[in-house]
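A, B, ... follow the sequence lines: proteins, then strands. Residue 1 opens every chain.
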Amino acid sequence: MAATAASSSSPSLIDTLFQRSLDDVIRVLRSSSSAALEAAAIARALDEIRREIRSPDLDTKAVALQKLTYLASLHHFDMSWAAFHALELLPSTSLPHPRAAYLAASVSFHPSSTDLLPLATHQLRKHLAPSPSNSPALAAPALHLLALASSPDLAGHLAPDLLPILSSQSSSNPLRPKAVATALRALAVCPDTAPVLFKPLVECLSLSSDPRAVSAAIGAFCELALAASDPSPYIPLAPEFYRLLVDSRNNWVTIKVLKIFARLAPLEPRVAARIVDPVCQLLRRSTAKSLVFECIRTVFSSLLDHDAAVRLAVDKTKEFVASDDDPNLRYLGLQALTMLGPAHSWAVEDSREVVIQSLNDTDTSIRREALRLEMGMLSDSNVVDICNMLIKYAIKSDPEFANEILDAVLATCGRNVYELIVDFDWYVSLLGEMVRNPHFAKGDEIERQLVDVGLRVRDARPELIRVARNLLIDPALLGNPFLCRVLSAAAWVSGEYVEFSRNPLELVEALLQPRTNLLPPFVRAVYVQAVFKILAYSFISFIKQIQAGELLEIGNSFIQRGGKQEGSDLVAAKSSSDQNNAFAIGDGVATDDKAILFDSIEKQETFKHESISCLLNLIETVVGPLSECGEVEVQERARNVLGLILIIRETQFWNIEEGHELTRDDKITKMVELMESAFSEELGPVSTNAQKRVSVPEALILNENLSDLLDILGDDDINPCASVSFSFRNHHSTETNQDSATAIEPNSFLAEHRKRHGLYYLHMDKDKSESNDYPCANEPLLPVSHGEDTEDIVKLPAQSLIPEKAKPTKPRPLVIRLDEGDGVSSSNLTTAKESKGDLLSGAIRDVLLRNEKKPSLTHKTSLDRTSQRRENGASENSELISQQKESNSFGDREHGNSSSRKGRHHHKERIESSGQNRDNEEKSHRHSTKSSRHHRRHKHRQRGDAPLDIAPQSPVIQDFLL
Amino acid sequence: MIRAVIVMNTQGKPRLLKFYEFQPPEKQQELTRSVFAGQGALLSGRPDNVSNFVEADAIFGPVIFSSLLFVSFVAEITKKKKQEEFKEGTRLVYKHLATLYFVFVFDSCENELAMLDLIQVLVETLDRCFKNVCELDIVFNFNKMHTILDEIIFGGQVLETSSERVLKAVEEISRLEKSSSSVSFVPKSVSGRFGR
C-alpha cells in the first residue's frame with residue numbers, strides 16, 4: 001500500500017517491477033465482498049492501468065492493456081481513450097503483444113467511437129500478407145478486427161489484401177474461412193468492394209475447396225441473400241447452390257442453402273420446382289432435427305404451391321408439436337405452423353388439442369407461440385369460436401399472459417377495420433366480457449374499440465348500449481383503476497346512443513351512483529355529459545309522446561299511422577327551417593331512426609310525468625354539488641346540466657296534461673327543436689387522411705415560413721409537419737355536443753361560414769367516388785347518401801372460399817371505412833422496395849454479370865450470344881462484354897433510368913441512344929486490353945459512390961434450371 | 001449471423017461477452033442485464049425443463065444486417081422501418097449448465113437447433129480445454145476464452161463445429177505465444193502480494 005501511495009505521481013521502479021497481472025486484478029475483484037469495495041478496487045486498478053499503459057516497456061503496456069480489456073468487456077468501462085496505446089502494441093514482434101492489442105481493439109474499436117484504426121492500415125496489411133513469418137495466430141485476429149470494426153474506407157483499402165487468402169489453393173489454410181467471413185463484412189460496409197471480393201467468394205463454393213471454406217462461403221451468401229431487399233441478383237448462382245444442396249453431406253451447409261433457396265424460390269418458380277424433390281428427400285431421410293426443421297420452414301415459406309411437399313412437411317411438423325419430452329421441438333413446431341396462415345388451417349386442425357394445451361404450458365415461449373398460432377389461424381368463420389375459447393382461457397391464466405391474450409385478440413379482431421368480424425353483436429359483448437377478466441389491464445384499447453365500433457357500425461349500437469349499461473350499472477367496477485377508461489367509453493356510448501336504450505332512467509341512475517366519485521375527473525366529466533344527453537333525450541321523447549297522443553286524438557282517421565305522420569311532419573318542419581337541402585337528407589335519415597324508436601317508446605310508455613320529474617330531482621341532487629367541483633371539466637358540464645334542468649322546469653311541463661294544447665305552446669316546441677338539432681347529428685369516424693384532402697389555397701405558401709423551423713431543428717430527418725399530431729379522434733364530450741344554448745341552428749351558421757370561407761372547406765363533389773360520405777361528422781355539408789353507397793363500403797369477406805359453418809350467420813353489417821389509409825395497420829403500409837440494400841445488390845449484380853463470362857458459371861443463352869457475335873469478334877468477346885456491362889451501368893445511373901433492364905440485347909440499344917455511352921463503347925473497342933479494363937473498373941468504382949438505383953432485371957437463368 | 005455471445009452466471013454476472021455488432025459499453029451492460037432479468041424475467045425467470053428459446057426482438061431491436069456498421073444507413077432504415085421481414089426474428093437460445101448460462105443471440109440467418117448444437121460445441125471445447133470446466137476456469141482465462149470463441153465464431157459467422165479442431169488450433173496458438181516471448185509473458189506477477 002505504501003508503495004502505491006508514494007508512486008501516485010510518477011511510476012516508480014517498484015511499480016514496474018511488481019506490476020499486477022490480470023489474474024491479480026481478477027482475484028482482488030473476486031475477494032471484494034461488497035459493491036463499494038469492488039468499485040474501489042476497480043478504480044485503483046484503472047489508476048494503475050492509466051499509468052502502466054504509458055510505459056515504454058511493451059510487456060508492461062501489454063499487461064495493462066489486457067487488464068483494461070477485461071474491465072471494459074466485463075465491467076463495461078469505456079476504453080476508447082486507450083485506443084492509441086493498443087495500436088502501439090501492434091508492431092511488436094512478440095506474439096502476445098499484438099494479440100492483446102487485437103483483442104482490445106476488437107472489443108472497443110468502431111468507426112462510431114474511434115477513428116484511429118486507419119492509422120494501423122499498414123500494420124494490418126503486413127499481418128495479412130502471406131509470408132512464412134506471419135502465422136495464422138496474427139492474421140486471424142487482424143481479419144477479425146477488420147470484420148468487426150472497419151469503416152467503409154478501410155474496408156475498401158484492405159479488400160485487395162484479402163484476395164491472396166481468399167483464393168489460396170492450399171486445401172487446409174485455416175485463414176481462408178476467416179477471410180470469407182471478413183469479406184462478407186467488408187461487402188456489407190462497403191459495397192464498392194464487390195468487384196474485388198465477389199468472384200473469390202463464388203469460387204469458394206466450388207467442390208475442390210476446403211469444406212470449411214465452402215461452409216463459410218455459403219454462410220456469407222445466406223447472409224447476403226437474406227439481407228438484400230431484392231435477392232434477384234443471386235439467382236444466377238442458383239446452380240451452384242443446387243449442387244451443394246444435392247451433394248453436400250454437411251448439415252450446416254445444407255441448412256444455409258435451404259435458407260437461400262427459401263428466399264430465391266418466390267422470385268423464380270423454376271427454382272422452386274427444381275428444389276422440391278431434394279427438399280422432400282431431406283425431409284424423409286434426415287435424422288438431424290435442425291435440418292428437418294429447416295426443410296419444413298423452407299416448404300412453409302416458399303413452396304406452398306407444392307401440395308405433396310406441404311403435406312410431408314405438415315406431417316413432420318405434427319411430430320414436432322407432439323413431442324412431449326422436448327419442449328424445443330414443440331416450440332419450433334408451433335412456430336412452423338404459424339407460418340402457414342388461415343389458408344392451411346387444415347394442418348392445424350389435427351394438432352388442435354396440443355395447441356390448446358400449449359396455451360397452458362409452463363414455458364412462456366411456448367405459450368406465446370401457441371397464442372400467435374391461434375391468432376394466425378383466425379378467419380371470419382372461426383373467429384367466434386377461437387376468441388370465445390381464448391377469453392375464457394384468459395380468466396384462468398396468470399396476469400401477464402391473460403393480458404397478452406387480450407392484447408392479441410383485440411389487435412387481431414380490430415385489424416384493418418374489423419375485417420374478421422361478421423357478427424358485431426357478438427364482438428361487442430366479447431369486449432364487455434374481456435373487461436370482467438380479473439387481470440384486465442387493457443383499458444385504453446377497449447375504450448378505443450367500444451367508441452370506434454359505435455361510430456362505424458350502426459347495427460351494433462343496440463348491443464353496444466346493452467354492454468355499456470351492464471358495465472355502468474355494476475358498482476364493483478368503479479374502484480378498479482384499469483377500468484376507468486372503459487367506463488368512460490361506456491358512459492359516452494350510453495349518452496350518444498341512448499335512443500337504443502330500453503330504460504334511459506336506469507342509465508342515469510347508474511351514471512350518478514355514489515361510487516362514481518371514485519372515478520378520475522376526466523371520466524367524471526364524460527359521465528356528467530352523458531347524463532346531459534340522456535336527460536335531453538328523455539325530455540324530447542316525453543314531449544313527443546304527448547304530441548303524438550294529441551295527433552292521434554286530432555286525426556282519427558290516421559290511427560294506425562300516427563307515428564309516421566308525426567315523422568313526416570317533422571321532416572317538413574325541418575326542411576323549411578333548414579335552407580340547406582343536402583343537410584335535410586341527412587336529417588331525414590336521422591328522423592327515420594327516431595320514428596322507429598318512437599314506436600318502441602310508445603309501446604313502453606316509459607316517460608311519464610312522475611318518471612321525468614323523478615329524474616330531474618335525482619340529477620339535481622347528485623349533480624348539484626358537482627357545480628362547485630374543483631375540476632373545471634366536471635364543473636362546466638355539471639352547470640350545463642343544471643342549466644338545462646332550469647329551462648325544463650320553467651316550461652312547467654308537469655302541468656301539461658293530456659289534452660293540454662301543447663302543440664300551441666311555442667316555447668316547448670321551440671325548445672324541443674333546439675335540443676333535437678343539438679344531438680340529431682350523428683358522429684362519424686374521421687379519416688386519418690382527412691387533412692390531406694384539404695387543398696392548399698394558392699396564395700398560401702405553407703413551407704416558406706416553416707423552412708426557418710427546419711434550420712432550427714437542424715436535423716433534416718425531422719419533418720416539422722409530420723411531428724405535429726392532431727388528435728382527430730377525441731370522441732369525448734368536448735366534440736360531442738354543443739351546449740343547447742349555443743346550438744341555435746348550427747347548420748345555418750355553418751352554411752354561412754362556408755359561403756364566406758369556402759376556401760378552407762373540403763370539396764363537395766370530389767369525394768363522390770370515394771366511399772367516405774357517411775356520416776361525415778366534421779364535414780356536415782357533404783351530401784349524405786349512405787343508402788346507395790353501401791356496396792362500396794361494405795367490405796366483402798375476403799375468404800369466401802372457406803366453407804361456411806352450418807349455423808345460421810347474420811349478414812355482416814355495414815362497417816364504415818373512410819378510405820385507403822383508414823385504420824390500416826402500419827404493417828400493411830410497408831412501402832415498395834427502396835434502393836437501400838440495392839447498393840450492395842446492384843454492385844453484386846454488376847459483378848455477377850461480369851462473371852457470366854466464366855465458363856464454369858456461364859451458359860449464355862443463345863440469343864445473347866448471337867447478339868454479341870454480331871457486335872464483336874469472338875476472340876475479344878468476353879472482355880468486351882464486361883466493358884459494356886460497366887458502361888451500361890453508367891448509363892442507367894446517369895440517366896436515373898429506373899425501368900427494368902429486360903435482357904442483354906436491350907443494353908445495346910440503350911447504350912447507343914446516349915452520346916456518352918457511345919463514346920465509352922468506342923473506347924472499349926479501341927483498347928480492349930487488360931490494362932485499360934482495370935483502369936476503367938477503377939473509375940467505375942469511384943463513381944459507384946452515387947447510390948445505384950438499378951431496378952431488378954429479369955435474371956438470366958441457365959438451361960440447367962429449366 | 002450471430003449477434004452476440006454471452007456467458008453469465010446464475011446471478012447475472014457476465015463472464016464472457018462478445019458482441020458482433022458494435023455496442024458501446026453502457027449498451028452492453030443494459031443488454032446483458034435485460035437478457036438476465038428483462039421484462040418478463042428472461043433467463044432468471046425461466047424454470048428448468050422448458051424450451052431453450054426466447055424471443056429477443058424487444059431487447060436487441062431490429063436486425064439490420066451487418067449494415068449496422070454502415071452508420072449512414074442506420075438512421076434511414078430505422079426511420080423507414082421497412083425491414084419488417086428481418087425485424088422479426090432476433091432469437092436467443094441459451095443453455096443452463098451448472099452455475100452458468102450460455103447465451104447465443106442470432107437472427108433469421110441461423111437455424112435455432114443448430115445454434116443449440118453450437119452451444120454444445122463451445123461447452124465441449126471448454127470442457128476439453130480446462131478438463132472439467134467450471135465457472136472459475138472461465139473467470140480466470142479471459143484471453144483463452146476469447147481465443148476459443150474466435151475459432152468457433154468469427155465476425156458473427158460460424159466457422160468451426162468440431163471441438164477437436166478448435167482445440168488443436170487453440171493449443172497451437174498458445175504454443176506459439178509461449179515460444180515467441182522468450183521471457184514468460186507475465187514474469188513480474190506477484191500474485192501473493194496484492195492478492196490478499
Heavy-atom distance under 4.5 Å to chain A: side chain of [X], backbone, both or neither?
| X | value |
| --- | --- |
| B:Leu116 | side chain |
| B:Glu172 | neither |
| B:Arg15 | both |
| B:Asn49 | backbone |
| B:Leu136 | side chain |

What's the spacing between [X] [atom1] and [Y] [atom2] if we round to 0.5 Å?
| X | Y | atom1 | atom2 | value |
| --- | --- | --- | --- | --- |
| B:Ser51 | A:Asn328 | OG | CG | 5.5 Å |
| B:Asn111 | A:Lys256 | CG | NZ | 9.0 Å |
| A:Asp326 | B:Leu113 | CG | CG | 8.0 Å |
| B:Glu55 | A:Glu369 | CD | CD | 6.0 Å |
| A:Arg30 | B:Phe140 | CZ | CZ | 5.5 Å |
| B:Phe22 | A:Ser106 | CZ | OG | 11.0 Å |

Report, in residue-number order, which members of residues 118-127 of chain B are under 4.5 Å from chain A by heavy-atom distance.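 Result: B:Leu118.
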When only heavy atoms count and the cut-off is under 4.5 Å, which of residues 26-33 of chain B reach chain A?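 Residues of residues 26-33 of chain B touching chain A at under 4.5 Å: B:Gln28, B:Gln29, B:Thr32.
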Compare every heavy atom of [Y] with every heavy atom of [X], then report the nearest pair and how far apart it is.
| X | Y | value |
| --- | --- | --- |
| A:Ala220 | B:Gln157 | N-OE1, 4.1 Å |
| A:Lys259 | B:Ser108 | NZ-O, 3.0 Å |
| B:Ile173 | A:Ala137 | CG1-CB, 4.1 Å |
| A:Ser290 | B:Ala114 | CB-N, 3.8 Å |

Contacting moiety of [X], where chain B heavy atoms sit under 4.5 Å:
| X | result |
| --- | --- |
| A:Arg297 | side chain |
| A:Tyr331 | side chain |
| A:Ala213 | neither |
| A:Leu143 | both |
| A:Ser108 | backbone |

Can A:Arg185 and B:Glu21 be counted as an ion pair, charged N to O under 4.0 angstrom? no
Determine yes or no for a side-chain-to-main-chain donor-acceptor pair under 3.5 angstrom, with [X] supplying the side chain and [Y] the backbone.
| X | Y | result |
| --- | --- | --- |
| B:Lys18 | A:Val107 | no |
| B:Lys13 | A:Leu74 | no |
| B:Glu177 | A:Leu95 | no |
| A:His144 | B:Gly155 | yes |
| B:Arg46 | A:Asp363 | no |

Would you sort out whether B:Glu112 and A:Lys289 count as a salt bridge (Lys or Arg N to Asp or Glu O under 4.0 Å), showing the intermediate values? CA-CA 10 Å; B:Glu112 290 83 348; A:Lys289 293 287 184 208; over 6 Å; no
Is it the case that atom CD in B:Glu164 sees more than 12 heavy atoms from other parts of the structure closer than 6.0 Å? no
B:Arg165 versus A:Arg212: any side-chain heavy-atom pair under 4.5 Å? yes
Are B:Glu110 and A:Cys222 close enough that some pair of their side-chain heavy atoms sits under 4.5 Å apart? no
Selection from B:Val54, B:Asp150, B:Val93, B:Leu16 maximising heavy-atom pairs under 4.5 Å formed with chain A: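 Sorted descending by pairs with chain A, the first entry is B:Asp150.
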What verdict does the side chain to side chain contact (heavy atoms under 4.5 Å, CB included) test give for A:Gln335 and B:Arg91, after you've listed the backbone C-alpha separation in whole Å, the side-chain angles of each residue and the deciding distance to 0.1 Å? CA-CA 12 Å; A:Gln335 209 174 60; B:Arg91 294 271 161 63; 3.1 Å; yes
